[in-house]
Amino acid sequence: FTSEQIIIAGVNARRTKIEGRVASPMPRGENIAATRPVLRELVSRSGFKGSEIAVVVPDEMARISFLTAEKPSKNPDEQRTFIRWKLKKSIAFDVDNAQVAYNIIGPSRSGTGVDMIVALSPRSIVQEYEKLFESMDIHAGLVLPSTLAVLNLLDVPAADMLFLKVSPDCMTTTVF
């Protein structure tokens with residue numbers, strides 16, 4: 001999903017090659033659930049076969065942050081609690097009820113602790129996309145912001161780097 005289009009790509013059974021790709025303008029002024037008729041047609045035309053899909057959403061639906069945890073807990077619930085506490089004052093929505101996803105990248109440059117990449121989104125937004133696909137008997141197995149989807153295509157540089165992802169209504173910066 002972009003602010004202007006819905007794009008569906010179907011992949012082969014081995015998930016190594018795009019088999020078909022279709023796009024349609026995003027219906028204007030409507031909520032995401034109202035896109036169901038267009039989405040259903042695109043899914044059919046794309047060659048999509050299966051019951052699970054990865055959903056890429058506009059960056060403005062989530063906040064992405066890099067954190068350093070000096071002594072991270074091994075317990076995932078405690079890690080999420082730490083993340084919520086650390087980001088509570090810098091996020092414009094209710095962090096306590098946010099959907100939190102994170103990945104430990106590796107040892108921090110300071111030599112103490114680990115660096116993490118974190119994505120937070122209001123739970124209601126993630127659920128809205130999940131329910132949309134669920135209504136079509138498709139499981140949204142992964143919902144992620146577009147920058148994280150693009151970063152999967154990028155080799156992390158050894159030196160410092162500024163990555164800009166520009167779209168018509170949003171610019172996202174990532175500093176490595």
Once you round to the nearest 0.5 Å, how far does [atom1] of [X] lie from [atom2] of [Y]?
{"X": "Y129", "Y": "Q127", "atom1": "OH", "atom2": "CD", "result": "13.5 Å"}
{"X": "I83", "Y": "K88", "atom1": "CD1", "atom2": "NZ", "result": "14.0 Å"}
{"X": "L42", "Y": "S24", "atom1": "CG", "atom2": "OG", "result": "5.0 Å"}

Looking at [X] and [Y], would you say the former's side chain and the latter's main chain have a donor-acceptor pair under 3.5 Å?
{"X": "R84", "Y": "A98", "answer": "yes"}
{"X": "S108", "Y": "T112", "answer": "yes"}
{"X": "S121", "Y": "M61", "answer": "yes"}
{"X": "N75", "Y": "D77", "answer": "yes"}
{"X": "R63", "Y": "I91", "answer": "no"}
{"X": "D59", "Y": "T147", "answer": "yes"}
{"X": "T35", "Y": "V38", "answer": "no"}

Item to complete: Can you establish whether the number of heavy atoms outside K86 located under 6.0 Å from its atom NZ is more than 12?
Response: no

Practice prompt. Output yes when R123 and D94 qualify as a salt bridge under the 4.0 Å nitrogen-oxygen rule, no when they do not.
Written response: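 Looking at D94 together with R123, the answer is no, because their closest N to O distance does not fall below 4.0 Å.
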
Item to complete: Find out whether V118 and F66 are in side-chain contact, i.e. whether some heavy atom of one side chain is under 4.5 Å from a heavy atom of the other.
Response: no

Discussion item. Side chains of R21 and I7, heavy atoms from C-beta outward: is any pair under 4.5 Å?
Written reply: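 In short, these two side chains touch, coming nearer than 4.5 Å.
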
Worksheet item: Are F82 and L120 grouped together when hydrophobic residues (ILVMFWY) are joined by side-chain heavy atoms under 4.5 angstrom apart?
Response: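 In one cluster: yes.
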
